[in-house]
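The structure appears below as C-alpha cells.
The figures here come from the full heavy-atom set of this structure, side chains too, leaving out hydrogens, waters and symmetry mates.
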Protein chains: 2
Amino acid sequence: MSKDNPKADISNAEFEVLDVLWDDYPATSSDIVERLNRKKPWHDKTVKTLLSRLVKKGVLDFDKAQRQYLYRPLIAREDYTKKEATSFVSRLFKGKVAPLVAGFANQNSLSQQDVDELKALIKQWEQNND
Amino acid sequence: MSKDNPKADISNAEFEVLDVLWDDYPATSSDIVERLNRKKPWHDKTVKTLLSRLVKKGVLDFDKAQRQYLYRPLIAREDYTKKEATSFVSRLFKGKVAPLVAGFANQNSLSQQDVDELKALIKQWEQNND
DNA sequence: ACAGATCGACTACAAATGTAATCATAACAT
DNA sequence: ATGTTATGATTACATTTGTAGTCGATCTGT
C-alpha cells in the first residue's frame, strides 16, 4: 500500500489541533497554539506533541521555514467530516440520516435556517433524482 | 454531585456491547456474547470485561438471577444517541445539521426513503413553528 | 459425590491518548 | 560574544482502551 493514505485515527485532542489548522494554513506551531488558546488553555508543549503525532499519522505535513515548521493538512476538512459523518450515522443510526435529524427536531435544535437549508437540499436532490 | 449521572465516556468497544443490550434486555452476559458473535468474534472474557466497565461507569446495572447477572441499560438509546449526535454535529459542523445532510446528499447516500422522512420531519416542524 | 463446565472477580499487558518536561540547538537581544 | 529564548526532538508518565488470562466458587451431568 502506498504512503499517501492517512490511516489516521485522529484522537479528540488531535482533532482540535487539526481543526484550527484547517481554518488557515500553512501555520506555525505558535500560530496554532495561539488559536487554540483563544478557546482552551493548552500548554504549548502539548500542542507540539499533538502536531508531531499528526505528522506521524500522515494527517499533516510541514515545510521548514528557517527553524520553524509550516504545517499544512494533508486531508481536506470536507473529506474528513464527510467520512466521519458517514461512519457516525452508520454506527448510531443504522446509516440513516433522517433519525438523526429527527433527534434534533424534537429537541428544538432546528432553526428556521436549518429547515430552509434542508428544504433546499431536498429540492436539489429531487431535481437530480427523477 | 450524585452518583446517578452516568459520567461515562463510552468507548467504541463498550458501545457495541451496549448496543446489543439495548436491542433486548435484561440479558445475561452469554446472551450478549451470543448476539455480538453474530457480527464479530469477540472472546467471551472480553465481553465480560466490557460489561464490568460499563457497570462501573454507571451505564449499566444488573440484577442477580442465581449465579448469573441480568444486565440492563441505565440510559436510553434515544437519549444517548441524541446527546452524541448533538455533540458530534457541534464538533464537526458548528452545530448545524444541514451541512451534515448535505454531505450525505452529495455523496449519493440519500435514499428516497430518507428524503421522504426528512420531508415529513420538516412538515411537522413547520406545523409546530408558525 | 465428584469432575468438569461456567460465572463473575481480579489481574495482565500492550497500545493509544492526554498532558506535559527535558534536552540540544539555533536565533536574538544586548 | 554571551546569556536568554524559542524550536523541534525525545522522553515521561498516568489513564483509558482493547483484548484477554487466571482464580475461586458454584452449578450440572453422571
Please state how far atom [atom1] in [X] lies from atom [atom2] in [N], giving the value in whole angstrom units.
X       : N      : atom1 : atom2 : result
B:Leu50 : C:dT11 : CG    : C1'   : 16 Å
B:Leu36 : D:dA20 : CG    : C1'   : 15 Å
A:Leu18 : C:dT17 : CG    : P     : 14 Å
A:Gln66 : C:dA26 : CD    : C1'   : 11 Å
A:Lys57 : C:dA15 : NZ    : P     : 15 Å
B:Asn12 : D:dT19 : CG    : C1'   : 14 Å
B:Leu51 : D:dT19 : CG    : P     : 15 Å

Side-chain donor or acceptor of B:Asp31 paired with backbone N/O of B:Thr28 under 3.5 Å: yes
Pairing of A:Arg91 and B:Asp19 as salt bridge, 4.0 angstrom limit: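 Looking at B:Asp19 together with A:Arg91, the answer is no, because their closest N to O distance does not fall below 4.0 Å.
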Sugar-phosphate only, base, or nothing, as touched by A:Thr46 at under 4.0 Å among non-hydrogen atoms: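 Contact class for A:Thr46: base.
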Phosphate OP1/OP2 of C:dG18: any A:His43 side-chain N/O under 4.0 Å: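 Indeed not, no polar side-chain atom of A:His43 lies that close.
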Check: B:Asn12/B:Glu16 side-chain N/O donor and acceptor closer than 3.5 Å: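 Judged by distance alone, the side chains do not pair up.
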Within 6.0 angstrom of B:Gln107 CD, more than 12 heavy atoms from elsewhere: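 More than 12 heavy atoms, drawn from other residues, nucleotides or ligands, come within 6.0 Å of this atom.
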A:Arg72 side chain near A:Leu74 side chain, heavy-atom distance below 4.5 Å: yes
N/O donor to acceptor pairs below 3.5 angstrom from side-chain atoms of residues 94-106 of chain B, sequence neighbours left out:
{"residue": "B:Asn106", "atom": "OD1", "partner": "A:Lys82", "partner atom": "NZ", "Å": "3.2"}

Contact letters for nucleotides 5-14 of chain D, in which S counts primed atoms plus P, OP1 and OP2 and B counts the base, heavy atoms under 4.0 Å: -BBBS--B--
